[in-house]
Participant: 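Pasting a structure below so you can have a look.
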Amino acid sequence: MAHMITWLLLLLVWVAAGWAAWPRTELLNICMNAKHHKEKPGPEDKLHEQCSPWRKKACCSVNTSLEAHKDISYLYRFNWDHCGKMEPSCKRHFIQDTCLYECSPNLGPWIQEVNQSWRKERILNVPLCKEDCETWWNDCRTSYTCKSNWHKGWNWSSGYNQCPADAVCHRFDFYFPTPADLCNEIWSHSYKVSNYSRGSGRCIQMWFDPASGNPNEEVARFYAAKAKSGAGFHEVWPLQLGLALMLLWLLS
Ligand SMILES: *[C@@H]1O[C@H](CO)[C@@H](O)[C@H](O)[C@H]1NC(C)=O
Ligand SMILES: *[C@@H]1O[C@H](CO)[C@@H](O)[C@H](O)[C@H]1NC(C)=O
Ligand SMILES: *[C@@H]1O[C@H](CO)[C@@H](O)[C@H](O)[C@H]1NC(C)=O
Ligand SMILES: *[C@@H]1O[C@H](CO)[C@@H](O)[C@H](O)[C@H]1NC(C)=O
């Protein structure tokens with residue numbers, strides 16, 4: 001009987017230690033702590049146009065979804081037309097990228113803390129489906145820009161981003177020779193183009209038809225499980241074993 005209780009206690013300690021050591025216990029169905037995100041995902045029936053696929057469960061408000069479709073919007077005062085007018089066929093990808101960033105509750109596995117004035121968390125290396133990156137790049141090839149990292153180095157003196165004096169306007173494919181150069185570099189590695197295809201359940205889709213649900217839910221579940229089995233169990237088992245042995249010694 002006494003042995004039975006001992007082993008039950010051991011098991012309890014083991015489980016508790018493993019649980020407590022997980023870095024961020026919830027990776028699913030969360031919103032990052034950034035400039036415009038809601039605290040928690042929830043339904044938003046009226047999300048605007050390209051953001052509407054997220055209306056059943058979104059981290060963005062209706063206002064954010066409206067602003068995501070505007071030039072130099074109140075969101076970030078970002079000027080897509082910094083080297084003349086960006087083609088509409090190209091701009092729609094930037095709108096979709098903004099919708100995914102602001103609205104998706106499925107980016108948890110790639111959320112990282114950052115020390116930035118305008119946000120506490122960012123996304124890093126989100127595995128973007130290769131076709132989503134390729135069409136983005138193809139549709140933007142003939143538009144113009146002056147930089148390959150759009151997070152840094154702008155001249156903001158007029159209240160929106162302008163090309164700095166030393167940056168020359170060239171076609172997109174000058175600054176981004178390949179699709180990966182565009183998707184990985186433009187937002188400082190927020191994305192890392194995946195080798196997986198749309199529909200594989202292993203990469204995040206920027207575009208999807210909500211009629212068949214949000215395909216990114218399954219993707220987040222897959223990578224969250226991977227993250228837990230990696231960081232959760234393997235890194236804390238020495239701690240768990242230590243605690244268990246200590247308890248055994250105390251009770252003997
Ligand atoms: C969204 O909210 C901001 C801040 O309150 C406001 O400046 C902006 O005009 C709003 N946009 C829309 C489309 O309502
Ligand atoms: C964040 O930046 C502030 C100011 O630059 C600094 O004092 C602080 O130590 C930084 N924190 C981390 C976690 O890097
Ligand atoms: C920034 O832009 C302003 C206004 O467009 C201009 O007067 C200034 O020279 C620019 N500064 C740099 C460093 O490019
Ligand atoms: C990506 O997939 C293609 C085709 O399935 C394969 O030929 C290629 O080696 C893969 N690349 C990487 C980096 O895994």
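As the structure is a computational prediction, the values presented were derived from the model and not from experiment. Order of listing sets the numbers, starting from 1, for every ligand and every atom in it.
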Participant: Looking at His82 versus Trp150, is the centre-to-centre ring distance below 6.0 Å?
Facilitator: yes
Participant: Starting from atom 11 (N) of ligand 3, locate the nearest protein heavy atom and write down its residue, its atom name and how far away it is, to 0.1 Å.
Facilitator: Asn155 ND2, 2.8 Å
Participant: Would Asn149 and Ser188 count as having a side-chain donor-acceptor pair, cut-off 3.5 Å?
Facilitator: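 Yes, Ser188 and Asn149 have a side-chain donor paired with an acceptor closer than 3.5 Å.
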Participant: Pull out every atom of ligand 3 sitting under 4.0 Å from any heavy atom of Ala165, numbered as shown with elements.
Facilitator: 14 (O)
Participant: Please work out whether any backbone atom (N, CA, C, O) or any side-chain heavy atom from C-beta onward of His48 is under 4.0 Å from ligand 1, and answer side chain, backbone, both or neither.
Facilitator: neither
Participant: Taking atom types as modelled, find out whether Gln162 and Ser158 have a side-chain donor-acceptor pair closer than 3.5 angstrom.
Facilitator: yes
Participant: Does some non-hydrogen atom of Ser158 fall short of 4.0 Å from ligand 3?
Facilitator: no
Participant: Looking at Glu113, Lys120, Arg119, which one forms a side-chain hydrogen bond (donor to acceptor under 3.5 Å, both in side chains) with Gln116?
Facilitator: Arg119
Participant: Given Val62, Leu75, Asn63, identify the one with the heavy atom nearest to atom 2 (O) of ligand 1.
Facilitator: Asn63
Participant: Can you tell me which residue and heavy atom of the protein come closest to atom 5 (O) of ligand 3, and the distance to 0.1 Å?
Facilitator: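 Residue, atom and distance for the closest contact: Gln162 OE1, 2.9 Å.
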Participant: How about Cys51 and Cys103, are their SG atoms within less than 2.5 Å of each other?
Facilitator: no
Participant: Quick one: sort the His48 and His69 rings into parallel, tilted or perpendicular, breaks at 30° and 60°.
Facilitator: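 If you compare the ring of His48 with that of His69, the planes turn out perpendicular.
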Participant: Is the closest side-chain donor-acceptor distance between Ser197 and Ser200 under 3.5 Å?
Facilitator: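 No.
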Participant: Of all the atoms in ligand 1, which lie at a distance below 4.0 Å from a heavy atom belonging to Lys70?
Facilitator: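 The atoms of ligand 1 under 4.0 Å from a heavy atom of Lys70 are 13 (C).
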Participant: Quick one: look up the protein heavy atom nearest atom 3 (C) of ligand 3 and list residue, atom name and how far away it is.
Facilitator: Ser157 OG, 3.3 Å
Participant: Considering non-hydrogen atoms of the protein only, which is the closest contact for atom 8 (C) of ligand 1, and what is the distance?
Facilitator: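 Going atom by atom, the protein heavy atom closest to atom 8 (C) of ligand 1 ends up being Glu67 OE2, 3.6 Å.
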Participant: What residue and atom, counting heavy atoms only, is the protein's closest point to atom 4 (C) of ligand 1, and at what distance?
Facilitator: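 So the nearest neighbour among protein heavy atoms is Tyr74 CE1, 3.6 Å.
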